[in-house]
Every structure is written in structure tokens, then in C-alpha cells.
Amino acid sequence: MEALQREIAAAAVFEDAIDFTPDAIRDGEALVAGIDQAFLGERAVSAVVLVRGGEVVARAHAITPLSMPYVPGLLAFREGEPIVAALETLDVEPDLLVFDGSGRIHYREAGLATHVGSCFDAPAIGVTKNLLCGRPRDPTDGLAEGDRVAIEADDSMTAPDGTVVGYAYQSRQYSESKRINPVYVSSGHRLSAATALECVIACGGEYKLPRPTRLADRYADELKREHGG
DNA sequence: GCGACAG
DNA sequence: ATCTTGTCGC
């Protein structure tokens with residue numbers, strides 16, 4: 001599986017190859033898909049929420065059996081197929097896919113966002129609440145809202161040491177006493193690290209996670225309740 | 001052997 | 001991710 005990830009990484013494009021801009025996302029000229037999952041025993045509940053100009057345009061989901069356990073570094077093999085099942089029920093093509101998982105911030109530069117984005121050859125971004133690997137260029141605690149810190153490749157990764165593979169982004173910061181952790185943003189496919197971050201910022205949101213991801217998160221919970229849990 | 005690890 | 005009540009703060 002590691003070998004396959006290296007192939008996927010080789011096919012992935014970590015440069016801008018998109019036909020929209022972050023501003024287009026703000027202006028409602030781009031369709032963004034937020035993707036997340038919840039679990040029901042040995043079944044995955046995959047949720048997709050399509051957002052345009054901050055408004056929900058459509059939702060799609062799929063409940064499928066899981067074939068693999070969770071293994072750090074191999075998340076795409078567990079969640080990839082279930083997510084594809086949900087994406088296939090869409091009747092429109094999103095301009096951008098935003099995943100709840102890493103993109104290039106991955107040992108072999110092949111996180112969930114890279115894996116699925118590359119398969120669909122669609123622009124993709126990975127957003128996580130915890131850092132899988134890589135090293136922040138500067139301390140990430142105590143950042144102010146809007147701050148960003150580059151994440152560089154470390155020796156646990158195949159990318160050349162020091163390569164900027166993503167960013168820690170302080171999307172929210174309420175008070176200074178009880179601090180919130182930043183989110184980690186990385187390109188999955190057809191985006192540079194910097195543009196991926198700009199796209200996430202353009203997605204907006206009132207919470208820590210970008211709006212599309214947050215909405216998919218809640219939709220997944222809603223589905224989970226409906227189907228027992 | 002020790003450390004470290006998305007969801 | 002998931003199991004889970006109350007609770008502190010804006």
C-alpha cells in the first residue's frame with residue numbers, strides 16, 4: 001500500500017491547476033464540497049455537503065461497510081471508497097473537494113485528500129485538527145486569529161526536508177486564557193500550499209473548521225442518528 | 001528499545 | 001473516530 005501511495009503522490013500536482021480563485025469561492029462562483037464521516041459499528045457514514053457562496057446547495061451520503069481498521073498513514077484505504085460512494089451520487093461536479101484528513105502533510109505525500117483528489121483529478125484540500133507529521137516552522141501555540149505557520153517536511157517524510165507541505169492556520173481564537181488549537185491545511189491535488197490555505201480561508205465559517213467541513217460534520221452526525229446510533 | 005502517529 | 005454531564009465563558 002505504501003508503494004501505491006508513492007505512485008499516487010507522483011501523479012498528484014501540488015501546484016495551482018484550477019479554473020477558479022479563492023475570491024470566486026467568496027463570490028459564489030465556485031462549488032465547494034465539504035466531506036466528512038461518522039461510524040456505525042463496522043459501517044461508514046460518508047457525508048458530502050455542497051456549498052456555493054456560503055449556502056448549502058445539495059447534500060449526498062452513503063452508508064457502506066468498512067474493510068480496514070484505522071492505521072495512521074493509511075487512512076485513505078479505510079475512508080476512500082466510502083467517500084467515493086457518496087461522491088458518485090452527486091449529479092454535479094464540485095470545483096473543489098475539502099476533506100477531513102490530510103493532503104500533502106503525510107509520510108508519503110499521499111493523505112486522504114491527495115488519494116481521492118488524485119483519483120478524480122479534482123482540486124482537493126485536506127484539513128485536520130491534529131498534525132500527522134511535519135514540523136511547524138515556528139511555535140503554533142498562542143497564535144492570534146488569522147495567523148499562519150508553515151509546516152515543513154521532516155525526516156519521517158519522503159518530501160525533501162524543509163519543503164513547505166502545508167500550514168497551521170488559527171481560524172478561531174476566543175480568549176487568551178483558554179486557547180484553541182489551529183487547523184492544519186494542506187493541498188491534496190492541483191493546488192499549491194499557499195492557495196490551498198487561501199481557499200480554506202475563502203470558505204469562511206463561524207467555527208474552527210471551514211464552513212463546508214463543519215456542515216459535512218454535522219450532516220454526518222444527523223445521518224448517524226437517523227440510522228441508529 | 002524509544003518515540004510517534006489524520007480519522 | 002467513539003464513549004459521555006455538566007460546566008465555564010462570551
Report task. Represent DNA chain C in dot-bracket notation, 5' to 3'. Only Watson-Crick or G-U wobble pairs with both distances under 3.5 Å count; pseudoknot-style crossings use [ ] and interstrand partners use |. Result -> ..........
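Using modelled atom types, one finds a donor on one side chain and an acceptor on the other under 3.5 Å when comparing A/D16 with A/S192. Using modelled atom types, one finds no donor on one side chain facing an acceptor on the other under 3.5 Å when comparing A/T21 with A/D23.
Figure legend: A/R59 and A/Y219 shown as a cation-pi pair, the cationic atom lying under 6.0 angstrom from the six-membered ring centre and within 45 degrees of its axis. The cationic atom of A/R218 (NZ for Lys, CZ for Arg) does not lie both less than 6.0 Å from the six-membered ring centre of A/Y207 and within 45° of the ring axis.
In this entry the distance linking CD of A/Q173 with C1' of C/dC10 reads 14 Å, nearest Å. Rounded to whole Å, atom C1' of C/dA1 lies 16 Å from atom CD1 of A/I63. Computed from coordinates, the A/L40 CG to C/dT2 P distance equals 9 Å when rounded to whole Å. Computed from coordinates, the A/E42 CD to C/dT2 C1' distance equals 13 Å when rounded to whole Å.
Within the 4.0 angstrom heavy-atom criterion, base atoms lie near A/S102. Residue-level contact check: A/Y107 touches the bases, meaning some heavy atom is under 4.0 Å from a base atom. Within 4.0 Å (heavy atoms only), A/L74 reaches at least one base atom of the nucleic acid. A/I105 comes within 4.0 angstrom of nothing in the nucleic acid, heavy atoms only. Looking at heavy-atom distances under 4.0 Å, A/Y70 makes contact with a base.
Both A/I25 and A/V183 sit in one connected hydrophobic cluster of ILVMFWY residues. Membership requires side-chain heavy atoms under 4.5 Å apart, directly or through other members. Note: the hydrophobic cluster containing A/Y70 does not contain A/M68 (ILVMFWY, side chain heavy atoms under 4.5 Å, direct or indirect links). A single hydrophobic cluster is seen to contain both A/L31 and A/V48, as judged by linkage of ILVMFWY side chains at heavy-atom distances under 4.5 Å, directly or through other members.
A salt bridge is defined here as a Lys NZ or Arg NE, NH1 or NH2 lying under 4.0 Å from an Asp or Glu carboxylate O, and A/R135 with A/D155 fails to meet this definition. Under the 4.0 Å criterion applied to side-chain N and carboxylate O atoms, A/R172 and A/E206 are not assigned as salt-bridge partners. Comment: A/D221 does not engage A/K224 in a salt bridge, judged by the lack of any side-chain N to carboxylate O separation of less than 4.0 angstrom.
Where DNA chain B meets chain A (any atom under 4.0 Å from a heavy atom), the bounding nucleotides read 5' to 3' are B/dC5 to B/dG7.
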Requested in this report: Summarise protein proximity over nucleotides 3-8 of chain C in one line of letters, 5' to 3': B for base, S for sugar-phosphate only, - for none, counting protein heavy atoms closer than 4.0 Å.
Outcome: S-----
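Residues A/E79 and A/F39 are in side-chain contact: their nearest non-hydrogen atoms beyond the backbone lie under 4.5 Å apart.
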